Peer 1: 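Take this structure first; my questions come after.
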Amino acid sequence: MNNQLFNYLLHLADNTLILSHRNSEWCGHGPVLEQDIAITNISLDLLGQARNFYQYAAMLTGNNATEDSLAYLRTEREFKNLLLVEQPNGDWAATILRQFFFSTYQELLYKQLIQCNDAQVAAIAEKGLKEVTYHVRWSSEWVIRLGDGTEESRDRMMVAADELWRFTGEMFIPADYEKEAGISGFGVNVESMQQDWLKKVEAIFEEATLPMPGAAGYMQRGGKEGTHTEHLGYILAAMQYLQRTYPGCEW
Amino acid sequence: MNNQLFNYLLHLADNTLILSHRNSEWCGHGPVLEQDIAITNISLDLLGQARNFYQYAAMLTGNNATEDSLAYLRTEREFKNLLLVEQPNGDWAATILRQFFFSTYQELLYKQLIQCNDAQVAAIAEKGLKEVTYHVRWSSEWVIRLGDGTEESRDRMMVAADELWRFTGEMFIPADYEKEAGISGFGVNVESMQQDWLKKVEAIFEEATLPMPGAAGYMQRGGKEGTHTEHLGYILAAMQYLQRTYPGCEW
Amino acid sequence: MQIHDLEQHFLSKIAEEIKIEPRDWMPDAYRKTLVRQISQHAHSEIVGMLPEGNWITRAPSLKRKAILIAKVQDEAGHGLYLYAATETLGTSREETINDLHTGKAKYSSIFNYPTLTWADMGAIGWLVDGAAIMNQVMLCRTSYGPYARAMVRICKEESFHQRQGFDILLSLSKGSPEQRAMCQDAINRWWWPSLMMFGPKDSDSTHSDQSMKWKIKRMSNDELRQRFIDMIAEQVKVLGMTLPDPDLKWNSERKHYDFGEINWNEFWNVVKGNGPCNKQRIAARKKAWDEGAWVREAAAAYAAKRKRNTQSSTLEAA
Amino acid sequence: MQIHDLEQHFLSKIAEEIKIEPRDWMPDAYRKTLVRQISQHAHSEIVGMLPEGNWITRAPSLKRKAILIAKVQDEAGHGLYLYAATETLGTSREETINDLHTGKAKYSSIFNYPTLTWADMGAIGWLVDGAAIMNQVMLCRTSYGPYARAMVRICKEESFHQRQGFDILLSLSKGSPEQRAMCQDAINRWWWPSLMMFGPKDSDSTHSDQSMKWKIKRMSNDELRQRFIDMIAEQVKVLGMTLPDPDLKWNSERKHYDFGEINWNEFWNVVKGNGPCNKQRIAARKKAWDEGAWVREAAAAYAAKRKRNTQSSTLEAA
């Protein structure tokens, strides 16, 4: 098995699983019923993508691995998701902005993955892209609505931007497996996407009348290689509790 | 082994462990450094008491049980703590009031346990009583200070009382193992303590210029028999995560 | 037409099974009863998201997690249909929600019980949704058109949920001793509250008679409850579990299961607000609503700005 | 006395190893340096509670939990001693804390790294407290009396903490392969940041010279760092683990361990606020402080009431 492909798949899967997890925390607690449904929908879409990637990774690695063993039986240092997606929900502004940053990235990524030389990855990306296109539209609209809404919503968006911006750079600093993905062609070297991402973010921020966060800001990294923020441990403690407590059971 | 004594010890241990856990969540986040230290101190005292009860229970039950297997490897439905002690910290008012309600109960309890016919239980209670006496004084002073402090602190105390009062009745409704404790003499039937508890609470509330919560209010119960509120599951998920993830390890 | 004629016309429609529609004349009491019942039903969907939502982050497999999220989301959808149905009766969503938060409006008491283990996700699907469906199938033929149509949509999804719930329990029943114990424990806790979902005995039910005449309800509490018991008493055998009622047994004369006495004290207690989670549920809903206020305000402000801009650019273009 | 004489007197005390006390005359710059250093030290204790506090609720045994809680509590206690020492220099605790929240005052950068696994509790005790002790032992002989005395108390507890940390790692090192990996991983992550705790190289250190002259500091950054490395390089062998520095080796001429180049870029980045947890740590402290405001106000209001009552009853009694 190609170990870098395996790591790459875990990275793609972990990103979507952990953001799905965060979004699902809103379920039943959203600010408007329609938006409770929308954010839960995104959570479901991302979970579906995660399952596709995990299933493929499990097939590749063999060893009786399953989507569940990969999601529920790895520890914090083995998770490869971006720091961005594990950040706490905060208020609706932070949730929206996290989604916008990530979906915009994901749209660019999946558009390229469709053309990669791994048919399975390409197929998952193609299916996911339809969903992600909607996520970008939905979150863009909300960024604009909140940025150009009331004074309070605007302030909250700026606080959210200040809080989350430092986690965006990691998306475009390739881990080893991403470099290999670009070279071997089973995926994408993310460096190339940064300019397009910035352009899109700038356009939406402008429409939202929001100032762009300081582009020179220092960027946090480490998630892709398993060095996370202190938040991930708590996510996994809850998420994995049943599998850890009753090992080897069917549910 | 006397099974009711074992259950009784778990009940006493779980009460102190779970309240210790809640109080320890304040560590590093208290409103004043001195009080951060004080609440952490109470957390430590309670943890020490829990360990004593678990150790005794482990010795009685044999089966390679240890204080840790009893704390870390039982599931939610096996925990026998009062619902009161698992309630979230809320603000400082809620934490103080929870402590005051519990410590006042615990002081009455330990005073009687000292005279019970189980030498080990009596010894643990005797050691604990000194600590608990201080907890009662400290929490009483805070109830008075907040009740008779500012308008805001008074309002918060009333909200806390409204929130927590319904969990106080359970302390005095004996579970089977408490009835047996009274009959066999290895512990106390808690029914007899209710009037003294009320008297003490009334006296402190009066000094705090706080109205007594409606004595006729409906009381929640179930914790002693393992039917908890939805909060306990999350406590255990975090608390037991390492033991569940790495079974059979020494730490 | 005189009021009297209007009422005759209304009643003859009811008799002929013609649906009453929003613009039709209807007696005030009919409207009031519907608003009360539909909004209560809507609130039940929304509050009902909380006990199950409690296990989303802890679901034990990705598949179960996806199913659970989708299910709770469906409940939000049902809430939407039903709030829309109350709006056809002239009551705004805000008003309706406000009545929930102040305690004026009720929701199904079943959601005031806590979800303590994963098996509760199964028991809720099987028993709670199962009991709800009994009611809802009947309501697909209720006399008020928008309500009946909402119910048709809801019923389809609910029976799906019930099967999913049963499937959770089925997996547990085939699992480890701990899983089987978890399964039985959940059934024990949810059985009696599920029976209470059908409301008081017919002899003690206050609103039922008039609702039956108006064909809002079409079966009595006791009839529905008996149907439910007959169904579950059979299904529980497939799980190899038992129902926690020593008096439950087949009565070959009645062709129904006999069953033990329901603890109506507990029922009224929970209705009055003293259930294990009443305070917690309303607090969670209020918190979501209050913390969402700035979001709703921002959305409204933005929409108003857009409208002004569109108008002024339309003017300029004119 | 003239300023000049005062200064001579002050310097001769320093020379004679007589402690400077709060009421003694001291140069403004000496006072300022002390306030900066002691408050920075106090803040480090308080902020330092957070990374370890992060594992209190997840400690893997009751014994370890008790030890950890007691340790974090000790840090709060150290914070108290040190805030008290800054107060002897005429700066109130509120002012001092405010400087932390606004970013004017610093704290040890080490606490801007996250605690990711249980093994970090061991590594912090062994390496971070170990590095701190090097500094603190020296400060027990610092020229300002209240600071020196606070340090004596602190040092006793800190060396206890270091042993506890080592003991955590020792248990892990004797444990399962996963535990051993966890142990090595924590050492890998904490080693270099620990070395940075001694501050910039002597050649790049701005405050050091004057502090050495005033005997606030009594050893240079590089001297202390070397001592620490020499100690840890031996202790790590007991664990059967390695330090993540390929250049680390005994130099028999120098009678010291040689070691690799420290990443000073990373150091300055974290100092400037760009570490993994700078924002999170300050936000946590501010939140505690802001949410505690009403508590402090209530306590003050109550104390004032009591005082008034006592006074008036004294008057009545008179």
Side-chain angles (χ1 to χ4, degrees), chain A residues 17 20-37 40-41 43-44 47-48 50-51 54-55 66-68 70-72 91-93 96 141-142 144-154 156-157 208 235 237-243 245-251, chain C residues 42 45-66 68-70 72-77 79-80 83 93 97 117-118 168 171-172 174-176 178-179 182 284-285 287-306:
Chain A
L17 176 65
S20 165
H21 184 103
R22 280 298 191 209
N23 285 339
S24 78
E25 291 172 5
W26 276 106
C27 185
H29 308 275
V32 200
L33 198 47
E34 285 83 350
Q35 303 310 326
D36 196 309
I37 292 172
T40 304
N41 218 32
S43 170
L44 267 175
L47 179 55
R51 293 181 66 190
Y54 283 132
Q55 284 165 9
T66 65
E67 55 171 1
D68 288 330
L70 295 176
Y72 288 95
D91 61 8
W92 188 248
I96 286 297
E141 284 171 3
W142 269 104
I144 295 165
R145 196 173 283 132
L146 296 180
D148 193 20
T150 60
E151 209 173 311
E152 177 174 6
S153 69
R154 182 185 166 75
R156 284 175 182 264
M157 281 305 285
I235 292 178
M239 188 175 93
Q240 300 182 336
Y241 184 67
L242 280 177
Q243 284 274 354
T245 302
Y246 303 98
C249 287
E250 294 290 322
W251 298 93
Chain C
E45 297 284 355
I46 301 310
V47 176
M49 296 170 75
L50 300 172
E52 289 176 288
N54 185 41
W55 282 88
I56 286 176
T57 59
R58 293 178 291 172
S61 77
L62 297 180
K63 184 181 137 202
R64 292 291 180 201
K65 188 194 283 273
L68 180 60
I69 295 177
V72 182
Q73 195 196 27
D74 281 348
E75 287 161 8
L80 267 190
Y83 284 128
R93 201 202 293 187
I97 287 177
T117 74
W118 170 252
I168 288 175
S171 289
L172 295 175
K174 293 177 187 162
S176 69
E178 288 82 4
Q179 287 178 303
M182 197 186 274
R285 287 308 314 155
K287 183 164 182 277
W289 186 252
D290 293 345
E291 290 183 356
W294 71 269
V295 179
R296 296 189 300 274
E297 281 158 24
Y302 178 74
K305 271 189 212 175
R306 286 282 295 228

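Computed from a prediction, not measured in an experiment: that's the story for all the values here. Atoms considered below: every heavy atom in the structure, side chains included; atoms not considered: hydrogens, waters and symmetry mates. Just so we're on the same page: letters track the sequence lines, and every chain starts at 1.
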Peer 1: Side chain, backbone, both or neither: which part of C/I46 has an atom under 4.5 Å from a heavy atom of chain A?
Peer 2: side chain
Peer 1: Minimum heavy-atom separation for C/I69 and A/S43, please, with both atom names.
Peer 2: CD1-OG, 3.8 Å
Peer 1: What part of C/R296 gets within 4.5 angstrom of chain A, counting heavy atoms only: side chain, backbone, both, or neither?
Peer 2: side chain
Peer 1: Between C/K65 and A/M239, which heavy-atom pair has the shortest distance, and what is it?
Peer 2: NZ-CG, 4.0 Å
Peer 1: Contact part of A/I144 toward chain C, heavy-atom cut-off under 4.5 Å: side chain, backbone, both or neither?
Peer 2: both
Peer 1: Please check if the number of heavy atoms outside C/K174 that lie under 6.0 Å from its NZ is greater than 12.
Peer 2: no
Peer 1: Would you name the heavy atoms of A/W142 and C/A299 that are closest together and state the gap between them?
Peer 2: CH2-CB, 4.2 Å
Peer 1: Measure distances from A/Y246 to the heavy atoms of chain C and classify the residue's part below 4.5 Å as side chain, backbone, both or neither.
Peer 2: side chain
Peer 1: So do the side chains of C/L80 and A/I37 get within less than 4.5 Å of each other, counting heavy atoms only?
Peer 2: yes
Peer 1: Less than 4.5 Å to any heavy atom of chain C: does that hold for the side chain of A/L47, its backbone, both, or neither?
Peer 2: side chain
Peer 1: Nearest heavy-atom pair of A/E250 and C/Q179: which atoms, and what distance?
Peer 2: O-NE2, 2.8 Å
Peer 1: Under 4.5 Å from any heavy atom of chain C, what part of A/A50 do you find: side chain, backbone, both or neither?
Peer 2: neither
Peer 1: If you take all heavy atoms of A/L242 and C/R58, which pair is closest and at what distance?
Peer 2: CD1-O, 3.4 Å
Peer 1: Under a 4.5 Å heavy-atom cut-off, does chain A meet the side chain of C/L62, its backbone, both or neither?
Peer 2: both
Peer 1: Do C/E178 and A/T245 touch side chain to side chain, with heavy atoms closer than 4.5 Å?
Peer 2: no
Peer 1: Nearest 0.5 Å, what's the CE-SG distance between C/M49 and A/C27?
Peer 2: 4.0 Å
Peer 1: Please classify the contact of A/A238 with chain C as side chain, backbone, both or neither, using a heavy-atom distance under 4.5 Å.
Peer 2: both
Peer 1: Answer with side chain, backbone, both or neither: which region of C/K287 has an atom nearer than 4.5 Å to a non-hydrogen atom of chain A?
Peer 2: neither
Peer 1: Please examine the side chains of A/E25 and C/I56, heavy atoms only from C-beta on, and report whether any two atoms are closer than 4.5 Å.
Peer 2: no
Peer 1: Quick check on A/D36 against chain C: is it the side chain, the backbone, both or neither that has a heavy atom closer than 4.5 Å?
Peer 2: side chain
Peer 1: Dump the intermediate steps for side chain to side chain contact (heavy atoms under 4.5 Å, CB included) on C/L50 and A/H29, then the final yes or no.
Peer 2: CA-CA 8 Å; C/L50 300 172; A/H29 308 275; 3.6 Å; yes
Peer 1: Select, from C/G292, C/G79, C/G48, C/G53, the one with the greatest count of heavy-atom pairs under 4.5 Å involving chain A.
Peer 2: C/G292
Peer 1: Which heavy atom in C/T57 sits nearest to a heavy atom in A/S24, and how many Å separate them?
Peer 2: CG2-OG, 4.2 Å
Peer 1: With a 4.5 angstrom heavy-atom cut-off, is it the side chain or the backbone of A/R156 that approaches chain C, or both, or neither?
Peer 2: side chain
Peer 1: Of the listed residues (A/Q243, A/E34, A/E152), which shares the most heavy-atom pairs with chain C below a 4.5 Å separation?
Peer 2: A/E34
Peer 1: Given side chain to side chain contact (heavy atoms under 4.5 Å, CB included), test A/T150 with C/Y302 step by step and report yes or no.
Peer 2: CA-CA 8 Å; A/T150 60; C/Y302 178 74; over 6 Å; no
